[in-house]
Amino acid sequence: MGEKIFTDKDSAVLMNTVNSTGVFVTCGTQAPNIMVTHGGAVGKLWGRKIFALPVKSSKYSYQIICKTKSFALNVPARDMRTEIALCDTISGFKCNKFETLGLHPKRARSIDSYILGECGLIVECKLIAHIPPEAIERQTEKLFDAGRAHTLFIGEIADSYRLR
């Protein structure tokens with residue numbers, strides 16, 4: 001399957017959902033995980049279309065993304081606010097979130113990850129850089145406190161497509 005162009009419409013749908021309900025982020029295949037992001041940015045960096053994903057180092061997904069160098073953004077095709085709220089409260093260290101949330105994993109097309117069969121727009125990203133919070137804090141005073149510090153994963157958009 002060839003790469004689909006990530007359009008301005010796709011970008012608007014993704015960011016509108018990130019900023020309203022949040023989107024699912026999936027990563028890994030050996031011990032995969034799901035998290036939700038309520039922040040991030042789409043743009044162009046180093047001549048590539050990217051998504052900048054903030055993740056706390058205490059998250060299970062952080063470890064997986066560091067290992068697999070990839071993640072997928074999964075935009076719900078229906079109202080999934082209940083699943084998003086529950087996903088935000090349970091830990092991938094303690095359970096298989098796919099099973100706990102009753103979601104159906106499918107293999108991603110171009111990265112080492114699963115995606116969610118219940119979602120519409122899928123955006124697969126390959127990690128091209130990461131910025132640790134201490135690098136950000138040195139540049140900007142009082143941007144965030146240590147308890148809210150996130151690593152910024154910069155993922156090149158490798159593929160995007162719709163399941164529904």
Side-chain angles (χ1 to χ4, degrees), residues 1-77 84 87-88 92 97 105-116 119-164:
M1 293 183 198
E3 178 181 344
K4 178 188 173 278
I5 297 170
F6 184 71
T7 66
D8 289 342
K9 181 181 176 189
D10 293 336
S11 177
V13 167
L14 174 61
M15 290 312 301
N16 286 339
T17 309
V18 165
N19 292 322
S20 60
T21 60
V23 299
F24 294 103
V25 177
T26 51
C27 53
T29 56
Q30 298 295 342
N33 196 44
I34 309 168
M35 63 173 255
V36 173
T37 188
H38 300 279
V42 171
K44 195 168 185 179
L45 187 62
W46 304 308
R48 301 165 187 215
K49 288 185 179 183
I50 60 101
F51 186 83
L53 175 68
V55 182
K56 284 184 180 180
S57 62
S58 60
K59 296 276 190 184
Y60 184 48
S61 292
Y62 174 90
Q63 294 178 5
I64 297 170
I65 294 169
C66 286
K67 180 179 177 186
T68 64
K69 309 286 189 234
S70 62
F71 59 89
L73 305 162
N74 302 259
V75 179
I84 286 170
C87 188
D88 268 345
K97 286 189 179 184
K106 298 176 82 164
R107 280 304 296 259
R109 295 195 321 195
S110 62
I111 61 171
D112 186 20
S113 181
Y114 286 103
I115 59 169
L116 298 177
C119 289
L121 176 63
I122 305 296
V123 181
E124 298 182 12
C125 297
K126 293 181 180 177
L127 196 63
I128 57 173
H130 72 278
I131 304 167
E134 56 273 11
I136 298 167
E137 290 179 84
R138 278 184 285 189
Q139 301 296 322
T140 306
E141 290 295 320
K142 299 181 182 176
L143 180 62
F144 47 75
D145 61 45
R148 297 186 60 217
H150 291 71
T151 292
L152 197 57
F153 289 110
I154 309 297
E156 179 179 8
I157 297 173
D159 202 356
S160 69
Y161 48 95
R162 293 185 183 276
L163 295 178
R164 298 167 187 234

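Residues F71 and T26 are not in side-chain contact: their nearest non-hydrogen atoms beyond the backbone lie 4.5 Å or more apart. Inter-residue side-chain proximity for K49 and V42 is flagged as unmet; no heavy-atom pair is nearer than 4.5 Å. A 4.5 Å side-chain heavy-atom check between I122 and I115 finds at least one atom pair inside the cut-off. Considering only heavy atoms from C-beta on, I84 comes within 4.5 Å of P76 through its side chain. Using a 4.5 Å cut-off on side-chain heavy atoms (C-beta onward), S70 and L127 make no contact. Side chains of Y161 and E124 form a contact here, defined as non-hydrogen atoms less than 4.5 Å apart. Side-chain contact between M15 and V23 is absent, with no heavy atoms from C-beta onward closer than 4.5 Å. Counting only heavy atoms from C-beta outward, the side chains of K44 and I50 never approach each other to under 4.5 Å.
D10 places no side-chain N or O within 3.5 Å of a backbone atom of F6 that could act as its donor or acceptor partner. Side chain of D112 to main chain of T68: no donor-acceptor pair is present (N/O by atom type, distance under 3.5 Å, no hydrogens or angles). A donor-acceptor pair under 3.5 Å is formed between the side chain of K97 and the backbone N or O of C87. Using a distance-only test at 3.5 Å, with no hydrogens or angles considered, a donor-acceptor pair links the side chain of N74 to the main chain of A72.
The minimum heavy-atom distance linking C119 with F24 is given by the pair SG-CD1, 4.1 Å. What you find for Y60 and A31 is that their closest heavy atoms are OH-CB, 3.0 Å. What you find for A135 and I131 is that their closest heavy atoms are CB-CG2, 4.1 Å.
The aromatic ring centres of F51 and F153 sit 6.0 Å or more apart.
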Chi angles and distances behind the side-chain contact (heavy atoms from CB on, under 4.5 Å) call for I111, K126: CA-CA 7 Å; I111 61 171; K126 293 181 180 177; 3.7 Å; yes

From CA spacing to verdict: side-chain contact (heavy atoms from CB on, under 4.5 Å), K106, Y114: CA-CA 5 Å; K106 298 176 82 164; Y114 286 103; 5.7 Å; no

Evaluation steps, side-chain contact (heavy atoms from CB on, under 4.5 Å), between L121 and V13: CA-CA 8 Å; L121 176 63; V13 167; 4.3 Å; yes

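Atom CD1 in I5 sits 11.5 Å away from atom CG in D159 (nearest 0.5 Å). Rounded to the nearest 0.5 Å, atoms CG (L45) and CD1 (I128) are 6.0 Å apart. The SG atom of C27 lies 5.5 Å from the CG atom of N33; values are rounded to the nearest 0.5 Å. Atom OG of S61 is separated from atom NZ of K56 by 13.0 Å, given to the nearest 0.5 angstrom. Going from atom CG of L53 over to atom CD1 of I154 covers 9.0 Å, rounded to the nearest 0.5 Å. For the atom pair H130 NE2 and T151 OG1, the distance stands at 6.5 Å (nearest 0.5 Å).
With hydrogens and angles left out, the side-chain atoms of N19 and H38 include no donor and acceptor closer than 3.5 Å.
Classification of E156 and R48 as a salt-bridged pair holds, one side-chain N sitting under 4.0 Å from a carboxylate O.
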